[in-house]
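For reference, the structure is listed below as structure tokens.
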Amino acid sequence: MFAFILRRLLQSLIVMLAVAFIAFLMFRFVGDPVEGMMGVDARLSDREALRDRLGLNDPFYMQFWTFVKNAVQGEFGISYRLQQPVTQLILSRLPATLELAVVSASLALIVGVTLGVFTAIHGRLPPSTRETLLALGAVLGAGVAFHLLGGGSLLWTLGGGAAVFVSTAFWAKRFFSQAIMAVSLVGVSLPTFLIGIGLIFVFAVEMKLLPSFGRGQTVQVWSGWSTGFLTKSGLLSLILPAVTLSLFQMTLIMRLVRAEMQEVLRSDYIRFARARGLPESKINFRHALKNTLVPVITITGLQLGSIIAFAIITETVFNWPGVGSLFVNSVQAVDVPVMAAYLLFVALVFVVINLIVDLLYYLVDPRLRVDGRAGRT
Amino acid sequence: MTETSDVRTPVLSVRDLVVDFPLRRGNFRALHGVSFDIAPGEVLGVVGESGAGKSMTGAAVIGLLTPPGRITSGEVYLQGQRIDQLPEAEMVKLRGKRIGMVMQDPLTSLNPLFTVGQQLIETIRQHLPLNEAEARARAVSLLEEAGIPRAAERIDSYPHQFSGGMRQRVVIALAIAADPELVIADEPTSALDVSVQAQVIKVLKKLCESRGAAIMLITHDMGVIAQIADRILVMNAGRIVESGPVGQVIRHPREPYTIKLIDSIPTLNRDPGAPVPAEAAAPEAAAQDAYVRVENLTRDFSLGGGGSFFGRLFGGESRIFRAVNDVSFSIRRGETYGLVGESGSGKSTCAKMIAGLIPPSSGRIFVDGADVWSAEGLASRRRNVQMIFQDPYASLNPRWKVGSIVAEPIRALKLTSSRAEIEDRVADLLRKVRLDPVAMRKYPHEFSGGQRQRIAIARALSTQPAFIVCDEPTSALDVSVQAQVLDLMSGLQEEYGLTYLLISHNLAVIRQMANDVGVMRQGVLEESGPVDEIFDHPKAEYTRMLLDAVPDLDKVA
Amino acid sequence: ETLRWARASDALTLDPHSQNQGVTHNFAHHIYETLVDRAVDGSLTPRLATEWYVKEGEPSVWVFKLRHDVKFHDGADFTAEDVVFSLDRARSEHSNMRQLHSAIESVTAVDDHTVEVKMTGPSPLYPNNLTNTFVMDKGWSEAHNLQSVQDYAAGEDNYAVRNANGTGPYILDSREVDVRSVLKRNEAHWAETKPQVTEIIYLPIAENATRIAALLSGEVDLVQDVPVQDIERLKGTAGLKVETGPENRIIYFGYRMDDKPLKSSNVTDKNPIADPRVREAMHLAVDREAIRRVVMRGNSLPAGVAMPPFVHGWTPELDAFPAPDPERAKALLAEAGYPDGFSVTLDTPNNRYVNDEAISQAVVSMLGRIGIKVTLASRPVAQHSPLITGDNTDFYLLGWGVPTFDSAYIFNDLIHSRTGHFGAYNPSGYADPALDAKIESLATEVDVEKRDADVAEIWAQVQRDRVLLPIHNQLLAYAMKENVTLAVHPENQPLMTTVTYGQ
Amino acid sequence: MAEASPPEAPVEAAAPARGFRARLWDSDVFWSWRHHPVAIVSSLVALTLILAAVLAPWIAPHDPFNPATLQLMDGFTPPGEAAMSGTVYRFGTDDQGRDLLSTILYGSRVSLFVGFAATLFSMTLGVSLGLFAGYRGGLADTIIMRVADVQLSFPAILIALLIFGVAQGVIPPNKQESMAIWVLIFAIGLANWAQFARTVRGAAMVERQKDYVSAARIMGVPGPSIAFRHVLPNVLGPVLVIATISLALAIIEEATLSYLGVGVPPTQPSLGTLIRIGQRFLFSGEWWILFFPALMLILLALSVNLLGDWLRDALNPKLRQ
Ligand SMILES: Nc1ncnc2c1ncn2[C@@H]1O[C@H](COP(=O)(O)OP(=O)(O)OP(=O)(O)O)[C@@H](O)[C@H]1O
Ligand SMILES: Nc1ncnc2c1ncn2[C@@H]1O[C@H](COP(=O)(O)OP(=O)(O)OP(=O)(O)O)[C@@H](O)[C@H]1O
Ligand SMILES: [Mg+2]
Ligand SMILES: [Mg+2]
């Protein structure tokens, strides 16, 4: 197994090299960094000189080579846009992103898995037409009622409608699980941006409960790591972005768990587990769930990776000072050193996450383990 | 009905049980009003045609019919208390604690992702107030009682690391973990060799005697019935056709079905009327023509720790377990080689290596002259080798209809491409294993254990391959169907000169089918030779013990 | 009072000479100071220099008298040496400000409070270039090795990027790039009246909606860069108010008008736009009033000339534009030989100017009505600009701010043909050597009247030849809490020193 | 030998239907559809939306993609009210005076096409590679999964930019406009295959261990056939979940890309672009610009996902009754 990990780490070097290569291949399509770096009235000759100095006139493989040479020495250059060392920039943004990612991934995982199991158990049969119409009617009806009564704005009414709907739906589990399934889809069919702004509007602007942007107050834990976990405003600030970010994954995980669960729940070993007299909760959450985990782990890993890497929209909407928004700004400014170093970092994240995912497979499923060790001939 | 009228309330009482499957193309009635009682301390043997509804009865009692199946009418009483209408939450309390169940398919009954120990311990702790260590101790002793050697060592293995028979014993251990009042044992010994079988029967019997438990024992093995059951229930097509004390029914069967059933029981002694194995028919010339040759076959498994996180991940403390140890034998073309032996002795492992599924640690296998594990061997194996798996259910793709499953080898070898022709061929095959061709349009999960096994057999036979590895091909079949399948197999052998490797615990079947036989124990081939010679004059101690342990119908008082 | 001030982006650096960019300058103005400043009406006002004049007898030397008793934040005195150092630094190789000082030959300190700047020739407008050139402390800079501006291409790090020591009204307290910066009032500042704002919390919030939400939820006090569509709603919200005012920026369309065929047109043998009648038709097709009312929601000043009203040389006559006349436009097109119109691609940015993409779309539809089929290609500005500087566009939208408030700034980059350091943003192919010469002479012309006449002449020709198709001047909007008052700054560089509280 | 007498009660007397149409009608999946109200409703909804999009040129009251017909002064007309020009627009108009109803219909064509095609593309690619990697293991697995790692490291936007850049170099300029949509599909599809691949691979690794796969191997079924015909149906559950969810994602991604200047021009807004435009007017009161396109997208996503749920159940014999 150590050999396996070692091999994977070696492969990751190749992956990162490939990432860097493709990155440099694509940078020239992102735009011209010099535009952003020079004042509008810079002379053409000055632009040209700067371009030369930055090596932008070199063919991309030369740029790539220079980058690799420096990167090997741990040297990622200075950001064109902010004129600060790239490594330092990325590191300073990392805590914000990691905290957000961890919180929203846990949220997505816990809620998604719970709801997935719940809906798998209670909503085995697809909702009937009547139920679907009822669900839609409840949402719209409550919305309209709110609208007429409160005369508030549209988002309010829809938010209120959803709340009423959810609470009434609690009366009937089966109905509730259908409702979750349907409502969760709204979460994935709308752009993250819209959801984020919607939440800001309801919870920050109208209710003034939660901050609308930023990380709140942060505390330096040890050199370079500032955390928002330790202050009230930091925690409050985390809520909306974490919810926004986790909504999509929550739905995905929930639907995956549900799909797999329904299948597993029909298997003989679950039937036998029942025959053994194990309680429902143990059967569902221990026996059945574990058998659904392989795809769930895969997707969770991928999603965690993309949250760390590309929580772009959420970070922008909530002005969250993480690496995602750093990346957006860098793309807009064609900040090549940041983009390049950043993409390498992302590659590392994915390589590591996927390695962990693969190891988790072995942990979850002993049958894979044997295969992995005895090897194929 | 008034329970008080009886002197002793029956532990289980079933009245007019009707089970329906509302299927797409109409309602299927699996049980047509089944009624019976089991008194405390009594063992009720249930026998009958494969697909008769035996397992269904057991599942209905414990409330675990697979949907869309449901109890349409009838009543089930446990100790006089009606349980068929209990809410799920109440049923949960009965299961395991008061009703123990051994399901028919022991191989798919265990959760593949938990170690045997974890599953035992959680069941024990669910029902008995024990702590982790005590539960573990009890789990080990249960396993030992069920006949698993070195249980303390093997308890941390995963189900897939166990042999078929070992898994079956785990399932039995799980069923009796909480000393239930009623045990529904659905073919509990089908994968066990006779000596272990005897031991398991003893355990069940003890449960009856010491706790007054009632046992509903579903089995195809009349010998077992004879050994343990007090009364017998004969089922056919969803109905009880006959019931009564064991001796009476066996000696004086009344119903034609029962008569036929009892007639089909193979015996260990060679039946003069039975078809003589091909050996006699084939001239001596075939003798030197070894179609399959196995040389010094050895296979090691590493028994991974189910223990700590890193132990599981890195397998640091894994031990090597030698499942097959230096086994050599050969099979002549057109003949049958029987492999018998202790459960867990490495028979299936051998079979899988010969079929090319798992690589041997050392040793070589030649089929038709080509090394199976070399490149060209791989290609020739494709055409010539088929296998019937010990676990027929798992070997059928759950997403495929039976028609496609059986037709697959025909399609794979491109024997014909006409849809109609394939369909006809499949229908014919199904009929030959006594299944309705309508089965083509159903999925594996819609069948009884024996029916699934027959599907697997039909598939293996569909292309008349030169060599078939049969791992317990008839373990789930009732004697009459078994007789028919064995006839079919030997018929094909005569006609096309097929070669079989036949693994079975049923020594009578081996005697009937095999030319040569090998006896395995703890990975070692104890002895090997012509079947008559070995069965009549066993040399190895183990073989003798095995032969002695065969339950004998004649012993029924 | 503490003021929480939100705008769309952050200052890129604290090094005052390394970026010539509005947001960066705006921030720097609170910490550092310039020699001269510009009032809201565009005129120059004293700041660190109390007076300035061309040295008698030497028309190419400017003399600056410096303010006394000014101290840097670290307590060091402000002297002529600092000015010399700063100007030299600003025109050093890696400075992005060096264009503005390219005419300097040398800078010398005459005494502690007098500086002489010797130019290569008469430079009557030079002080206009100083409004964003900040003065650093020589001693502090040398202590931190800041003699020259950072060459980040070579991977150099620079202390001044993250630290500041100016003479300005606010002292940098803390800063997290792109997140928040805190400025504290400089109690030792030279100005007689202290600004009412004692602490500035500067919050870059990139997303428009979030920025507005932050104001609505009361988490910020002042929002710059308010989207036009939200102005009405904010005005109607209790406790908030919106200040609007014209920005010193013209939005216009440009096109290739030389004889080479257009790259994106179905007319492949010649350039339809080279025909003056076609250009005339295009001008007549555009309905500026409709754009103002719908696209800009009333928040723009439609323009007939590519020059904001602040700029020296602007006249109402130039700025007049004809009423849209699609019929006449069609006729002109037919006359020019394009009765069925022609096709062309319009390149537009979509994240740079107020509703830039929407303006382009509106124009596409207006041109469509006279038969010109325009394909719209919309891109972020980082990809849009290179099209213009790289001569890769037939038809494009651009905005142009005029920091010097002088027409020459427009001529140099937009009208002058692309030679030397002129015409960087002129891909039109319009080339008239006589006009070019006239434009070049403006830089050194000391006779104000003659110069004004030249400017008028150039504009007349530009208008006649329809070199550019102006649309409007943007309006700026600042939204704030009701008790805060801040006037709109034409260059979008508001100073928080001017904020007042109370009604 | 006992004669072959079928012991089971012959419940299913009907002979299997012959002929393609009859077989289709009779097939389990179709049967399940007929008996599944939600499936019927959602396929009707989806079909209506698709038809409406396809037939847009014939049923839309205006042609919003022809800039010459637009009335800028009609911009921001609320639904049902008379605009400047006197026209009443049922769903109102957007900032350019386009009739929203027509624009949604026209815009859906692009979105639906790109959404479906890109999802199909990434699914096909991802599932094939994932199956191959999971079933074969070894070197193939290593290579495919490392390529997936590389792909994952780039956000869809960057990949699309690269592909567009390359396409612009490769495709002759006069073909570029007509090719744009294919490039778009290619780009979005390429950006999303990795999650399919990794999911399928994980599941395939588990399935590969099972006896039915061994059985097929012994039978001499060739590897690819085992992978696609045996393993694939058993790992289809997660694939369908991801695919149906990806559809809405692809539609939104398309909008992001057109914002970056790749893909369709803003004068021909797709559904996603309409939503993006509408977002600007969240606070300013013109709710309809966002509301109707978003509603359309939600309806679409909802019906497709419900259909996916149904299909997943219908394809699983154990869940069917
Ligand atoms: N899920 C199902 N759907 C439809 N029919 C089923 C299903 N499960 C079982 N059956 C049918 O019910 C009948 C009784 O099955 P059961 O499992 O009780 O048989 P059995 O007597 O246990 O046979 P065996 O000895 O082969 O195990 C069989 O004909 C079988 O085909
Ligand atoms: N994958 C595995 N990993 C570890 N041990 C294994 C594995 N497969 C089988 N074994 C062990 O190898 C031994 C032989 O198993 P095998 O399945 O060949 O037995 P068998 O003779 O077929 O028994 P049965 O009659 O019970 O089916 C058993 O002790 C079993 O626990
Ligand atoms: Mg059975
Ligand atoms: Mg075995």
Side-chain angles (χ1 to χ4, degrees), chain C residues 207-209 212-213 215-216 226-234 236-237 263-264 266 268 287 289-297 326 341 345-351 355 357-380 382-384 387, chain D residues 62-77 83-85 93-98 103 157-158 160-161 164-165 168 173-174 176-178 180 255-269 273-274 276-287 289-290:
Chain C
E207 196 54 56
N208 284 337
I212 300 302
L215 181 69
L216 288 170
V226 176
V228 287
Q229 60 270 17
D230 293 332
I231 292 175
E232 282 311 309
R233 145 136 200 171
L234 291 175
T237 306
K263 286 186 192 121
S264 59
N266 59 350
T268 48
D287 185 349
E289 196 50 37
I291 293 178
R292 182 185 75 83
R293 280 187 39 190
V294 180
V295 178
M296 303 303 286
R297 307 232 165 172
T345 295
L346 168 62
D347 294 304
T348 179
N350 55 19
N351 62 352
N355 290 348
E357 187 185 286
I359 297 168
S360 296
Q361 282 200 55
V363 167
V364 167
S365 118
M366 288 163 185
L367 292 177
R369 218 160 303 143
I370 65 166
I372 303 180
K373 283 170 276 306
V374 184
T375 309
L376 189 58
S378 160
R379 297 181 183 82
Q383 292 164 49
H384 177 72
L387 297 179
Chain D
H62 299 261
D63 178 2
F65 284 6
N66 180 0
T69 64
L70 297 184
Q71 293 293 335
L72 184 58
M73 293 307 279
D74 280 359
F76 300 117
T77 310
M84 268 319 228
S85 63
T93 61
D94 70 356
D95 60 335
Q96 294 290 327
R98 280 184 289 247
T103 318
I157 305 166
L158 280 192
L161 279 178
F164 259 80
Q168 257 154 29
N174 54 348
Q176 272 176 14
E177 212 183 316
S178 56
T256 317
L257 290 181
S258 38
Y259 172 69
L260 290 174
V262 292
V264 291
T267 43
Q268 301 176 15
T273 307
L274 273 177
R276 186 165 58 73
I277 293 173
Q279 285 168 355
R280 298 217 311 261
F281 305 104
L282 259 177
F283 289 156
S284 59
E286 287 89 4
W287 54 271
I289 304 182
L290 177 64

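Remember, it's a predicted structure, so these values are computed and weren't measured experimentally. In what follows, chains carry the letters A, B, and so on, assigned in the order in which the sequence lines appear, proteins first and then strands, with residues in each chain numbered from 1.
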D287(C) portion near chain D, given a 4.5 angstrom heavy-atom threshold: neither

Atom group of Q361(C) that falls short of 4.5 Å from chain D, counting heavy atoms: both

Winner by heavy-atom pair count (cut-off under 4.5 Å) against chain C, out of E286(D), Q71(D), Q279(D), Q96(D): Q96(D)

Engaged part of N208(C) at the chain D interface, taking heavy atoms whose separation is under 4.5 Å: neither

Spacing of CG belonging to L346(C) relative to OG1 belonging to T267(D), to within rounding of 0.5 Å: 9.5 Å

Heavy-atom pairs under 4.5 Å with chain D, option from S378(C), A213(C), G371(C) with the top count: S378(C)

Minimal non-hydrogen separation, R280(D) against N355(C), with atom names: NH2-OD1, 3.9 Å

Region of R369(C) in contact with chain D, defined by heavy-atom distances below 4.5 Å: both

More than 12 heavy atoms of other groups within 6.0 Å of R379(C) CZ: yes

Winner by heavy-atom pair count (cut-off under 4.5 Å) against chain C, out of L70(D), T69(D), D95(D): L70(D)

Under 3.5 Å donor-acceptor, E357(C) side chain and P266(D) backbone: no

Chain C contact via Q268(D) - side chain, backbone, both or neither, heavy atoms under 4.5 Å: neither

pair R297(C)-F76(D): side-chain heavy atoms closer than 4.5 Å: yes

Region of A377(C) that comes under 4.5 Å of a non-hydrogen atom in chain D: neither

Chain D contact via I370(C) - side chain, backbone, both or neither, heavy atoms under 4.5 Å: neither

Closest approach of M366(C) to L72(D) (non-hydrogen atoms, all atoms of both residues): CE-CD2, 3.5 Å

Most chain D-contacting option - heavy-atom pairs closer than 4.5 Å, from Q383(C), Q229(C), K263(C): Q229(C)

